[in-house]
Amino acid sequence: MNREVRVRFAPSPTGALHIGGVRTALYNYLFARKNKGRFLLRIEDTDQTRFVPGAEEYIKEALDWLGIAPDESPWNPGSVGPYRQSERKPMYMQYAMDLVEKGHAYYAFDTSEELEAMRQRLTAARVVSPQYNSITRTQMKNSLTLPEDEVKARLESGEPYVIRVKIPRKEEVRLNDLIRGWVMVHSSTLDDKVLMKSDGMPTYHLANIVDDHLMGITHVIRGEEWLPSAPLHVLLYRYFGWEDTMPQFAHLPLLLKPDGNGKLSKRDADKHGFPVFPMDWIDPTSGDTAMGFREQGYLPDAFLNFLAFLGWNPGDHRELFSLEELIDAFSVERIGKSGTKFDINKAKWYNEQYLRAKSDEELAQYLMDDLQLEGIQIEFSKATQIVQVMKERATFPSDLWKEGKFMLVAPDSFDEAVLAKRWNNDALAVLGTYKEKLVDFPGELNPESAKSLLEAAAEDNGIKLGKVMQAVRLAVTGVGAGPDLMAVFSILGKDELVKRLDYALNNLKVNI
RNA sequence: GGUCGAUUCGUCUAGGGGUUAGGACGCAUCCCUUUCACGGAUGAAACACGGGUUCGAUUCCCGUAUCGACUACCA
């Protein structure tokens with residue numbers, strides 16, 4: 001049977017979307033596009049206690065920013081909605097009941113205290129993993145142990161209950177993961193997971209299977225943390241009688257912290273000074289802001305390219321891929337199996353590549369926008385000139401302003417080390433002459449004239465230009481390194497240049 | 001502890017019974033250059049360990065170690 005490919009990204013709105021989640025969304029998106037299928041987004045908000053306001057909007061905005069918006073979602077529904085599990089609440093109970101009727105699930109009335117007592121008893125008896133399973137359920141309060149009329153009475157009296165799946169005692173459960181191959185688990189290691197909670201909401205396991213089935217999902221691409229529960233999911237498909245349309249599973253390797261081991265967390269990112277969230281996230285309870293890649297200056301295409309290569313590669317040596325090229329090259333077979341450590345340097349490198357590929361005009365607009373925030377107005381043509389000398393040395397668009405500031409604002413400080421080493425009488429002499437030549441120079445300064453004038457000034461003093469070059473730079477820019485000086489002079493213009501030389505000549509003391 | 005999974009340069013990875021084990025980021029050196037950066041060139045740097053199978057294993061098999069995920073009425 002050849003069904004239309006349908007995949008889904010199913011985040012919980014419990015906070016900002018983590019970068020691992022973004023990668024999962026990206027792979028789902030790529031897979032859908034590659035296979036001419038559809039990419040859905042479903043909000044898994046069955047845990048009302050963990051709901052965080054704004055989280056859903058954040059997810060939407062992040063995917064929009066990256067250009068990987070879903071084809072169907074709560075805010076753009078298709079025909080299989082609703083796309084929020086909380087809104088699907090009424091439909092789950094019948095499926096749970098169906099399982100009870102088929103003998104694959106049962107009611108359980110145990111209180112959390114009783115469950116705790118059971119675990120303690122088991123632990124004391126040195127049972128390796130205390131869990132509600134085929135053995136222990138015989139000692140608990142459920143519809144398998146209680147007389148039928150008592151179960152009925154409890155149900156009718158409104159006593160809280162959950163519905164648990166009845167895991168068989170001895171059965172080999174196998175699934176063929178697209179990334180990992182055959183994974184086999186014995187049912188004796190599984191427990192009778194809760195399917196319906198006492199608040200009437202389904203747990204992830206139930207809702208997930210029911211929704212994926214109802215939404216026609218063909219491939220489940222999700223994080224490796226779900227691998228241990230995948231056998232349960234396989235069992236559920238079987239119990240519902242949906243095995244023939246069961247989606248194929250692909251469990252993605254985890255994103256690890258850069259040093260040591262373990263899953264990448266916000267804490268680690270903070271420690272290293274880089275984000276783990278696509279965009280800034282303001283925690284609604286603490287009011288703290290967690291930084292995002294977008295606000296740090298990462299370009300969406302660069303970020304996507306970087307993300308795609310965290311656990312996947314095209315099999316050749318190409319590394320720069322547009323979204324379209326990623327779609328074309330993508331395949332689940334080429335997703336790796338092992339966890340991936342996060343290296344922010346690579347992300348920066350990607351950003352530099354994409355930044356340099358941008359047109360001067362586009363970058364000039366970035367610069368103009370930054371300048372506006374600083375209350376500085378310049379001509380677009382001037383912004384373009386600045387971009388031309390700065391783009392090869394910028395990692396983020398904001399560097400254009402931060403690193404190129406000296407082209408718009410006179411330096412208010414001068415590098416002490418360079419001053420001590422290079423600011424001498426030779427420099428003073430050349431700069432004095434240069435200033436006079438500039439004042440006498442008719443017309444606009446360009447890099448060539450700026451240079452010939454400076455060369456002439458050096459020659460007049462019988463001094464090799466190379467010897468005073470750094471001092472010249474220091475006088476005008478305040479620092480000892482930067483882009484081509486003559487281009488900078490040309491951008492500055494004659495008047496500003498003379499002004500700065502004047503200031504330096506009069507205020508910088510010669511250290512002997 | 002149990003279950004499942006993973007293991008190639010510091011990092012992301014290619015590869016796969018016989019290879020000088022390839023590329024990229026980062027790092028170092030050199031070239032270019034008035035400086036820095038870009039660019040170019042070069043270099044250091046890896047098959048976790050132990051058994052087996054084999055003429056031959058980094059590659060296949062089995063163990064061990066290490067790391068990770070999971071082990072909730074959270075997803």
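In what follows, chains are A, B, ... by sequence order, proteins preceding strands, each numbered from 1. Small disclaimer: the values here were computed from a predicted structure and weren't measured.
For A:S198 against B:C73, a side-chain N or O and a base N or O form a donor-acceptor pair under 3.5 Å.
As the counterpart of B:U19, no nucleotide is assigned, since no Watson-Crick or G-U wobble pattern has both distances under 3.5 Å. The base-pairing partner of B:U29, taking Watson-Crick or G-U wobble contacts with both distances under 3.5 Å, is B:A41. Summarising the base pairing, B:U71 is matched to B:G1 through a Watson-Crick or G-U wobble pair whose two defining distances lie under 3.5 Å.
Contact annotation: A:S12 does not reach the phosphate of B:C74 (side-chain N/O to OP1 or OP2, under 4.0 Å). Distances shorter than 4.0 Å separate some side-chain N or O of A:R334 from OP1 or OP2 on B:G15. For A:N313, no side-chain nitrogen or oxygen approaches OP1 or OP2 of B:U13 to under 4.0 Å. OP1 or OP2 of B:C74 lies within a sub-4.0 Å distance of a side-chain N or O belonging to A:K197. Taking side-chain N and O atoms only, A:K346 has no distance below 4.0 Å to OP1 or OP2 of B:C12.
Aromatic ring orientation, A:H205 versus A:W226: perpendicular (interplanar angle above 60°, classes split at 30° and 60°). Under the 30°/60° scheme for interplanar angles, the aromatic rings of A:Y298 and A:F396 are found to stand perpendicular.
Nearer to the 5' terminus of RNA chain B, by closest-nucleotide assignment, is the contact made by A:Q470 (compared with the other of A:K193 and A:Q470).
By the 6.0 Å and 45° rule, A:R154 does not stack over the aromatic ring of A:Y107.
For A:R50, the listed nucleotide lying nearest its side chain is B:A75; candidates were B:U34, B:A75, B:C73.
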